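The structure under discussion appears below in the form of structure tokens.
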Amino acid sequence: MEQTIKIFIYIHAFFGGLGLLTGIVSIIAKKGTKLHKKTGKLFSIGMITSSLISLPISLMPNHENIFLFLIGLFTIYLVVAGKRALLFKSKHKKQTDWIDKVISGSMLLFSVVMIAVGSYGVINVIENSVLFLFFGAFGLFTTVKDFRFYSTYSVAKNAWLTSHISKMIGAFIASVTAFIVAGLGIGNLFAWITPTILGIIYMIYWKRKTKVKPLLNRQV
């Protein structure tokens with residue numbers, strides 16, 4: 001059994017590495033170009049595959065880790081929601097699909113669970129419980145914004161672009177964090193939180209940029 005788990009861990013690491021490398025290229029590449037789109041697709045494949053594999057691994061004997069399980073779900077949500085945000089670019093899309101609401105609603109529930117687990121851990125002085133609170137709050141904030149987006153996207157210019165970029169950057173943050181924590185073996189609180197803080201700053205930069213240049217709604 002342990003040997004089988006190791007094989008899955010290697011596969012998980014391979015696709016995670018694929019996501020990290022293609023994510024870097026996708027961010028650097030000019031938005032809307034073939035390179036951006038192709039590396040973006042590979043990034044999505046790598047991150048979703050890696051995260052899906054991480055789910056059963058985090059539940060296996062001697063590898064149980066509820067936090068990694070929830071982070072895996074969070075990453076899948078970010079990639080899927082980020083890709084679906086592109087559908088809102090079409091002028092023919094008049095209403096939100098129930099699929100979008102299920103995706104965001106599920107992540108909203110998982111975020112509440114993370115906050116609850118984190119609160120319990122902090123009260124009982126359990127190590128790294130603050131991580132549950134941090135990522136749970138981030139997930140809650142993101143999903144609440146989703147539902148606001150669903151009700152205003154038809155009148156809010158470039159809202160789809162902002163949603164797409166923020167979600168994909170969030171997923172890239174997950175790949176960078178995984179590399180630092182799992183690849184480099186740095187598992188302290190600073191290593192977990194720093195990529196997210198830097199990513200949020202980058203999201204804010206892009207949000208302001210899309211407002212300044214509305215013609216970007218034709219480039220992704």
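All values reported here derive from a predicted model rather than from experimental measurement. Every heavy atom of this structure was used, including side-chain atoms; hydrogens, water molecules and symmetry mates were not. Position 1 is the first residue of the sequence, and the numbers go up from there.
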Note, [X] side chain near [Y] side chain (heavy atom, < 4.5 Å):
X      : Y      : value
Phe132 : Tyr120 : no
Glu2   : His63  : yes
Phe172 : Leu20  : yes
Ile76  : Leu55  : yes
Lys83  : Ser44  : yes
Pro195 : Ile180 : yes
Thr142 : Met107 : no

Should Lys167 and Asp146 count as an ion pair when the cut-off is N to O under 4.0 Å?
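A salt bridge links Lys167 with Asp146.
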
ILVMFWY network linking [X] to [Y], side-chain heavy atoms under 4.5 angstrom:
X      : Y      : result
Leu78  : Phe179 : yes
Tyr202 : Val25  : no
Phe134 : Phe190 : no
Ile71  : Phe141 : no

For the residue pair His12 and Ser50, confirm or rule out a side-chain donor-acceptor distance under 3.5 Å.
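Checked: His12/Ser50 side chains pair up, N/O donor to acceptor below 3.5 Å.
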
For the residue pair Tyr150 and Ser104, confirm or rule out a side-chain donor-acceptor distance under 3.5 Å.
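Yes - a donor-acceptor pair under 3.5 Å links their side chains.
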
For Glu127, I'd like to know if atom CD has over 12 heavy atoms of other residues, nucleotides or ligands within 6.0 Å.
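12 or below, so no.
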
Check whether more than 12 heavy atoms from other residues, nucleotides or ligands sit under 6.0 Å from atom CZ of Phe8, and answer yes or no.
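12 or below, so no.
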
Spacing of Ile169 atom CD1 and Thr196 atom OG1 [to the nearest 0.5 Å]:
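So the CD1 of Ile169 and the OG1 of Thr196 are separated by 12.5 Å.
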
Can we call the ring centroids of Phe149 and Phe88 under 6.0 Å apart?
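Centroid distance Phe149-Phe88: below 6.0 Å, so yes.
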
Here's a test for you: under side chain to side chain contact (heavy atoms under 4.5 Å, CB included), which of Leu133, Ile200, Thr143 qualifies with Phe138?
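Testing each of Leu133, Ile200, Thr143 against Phe138, the sole residue satisfying side chain to side chain contact (heavy atoms under 4.5 Å, CB included) is Ile200.
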
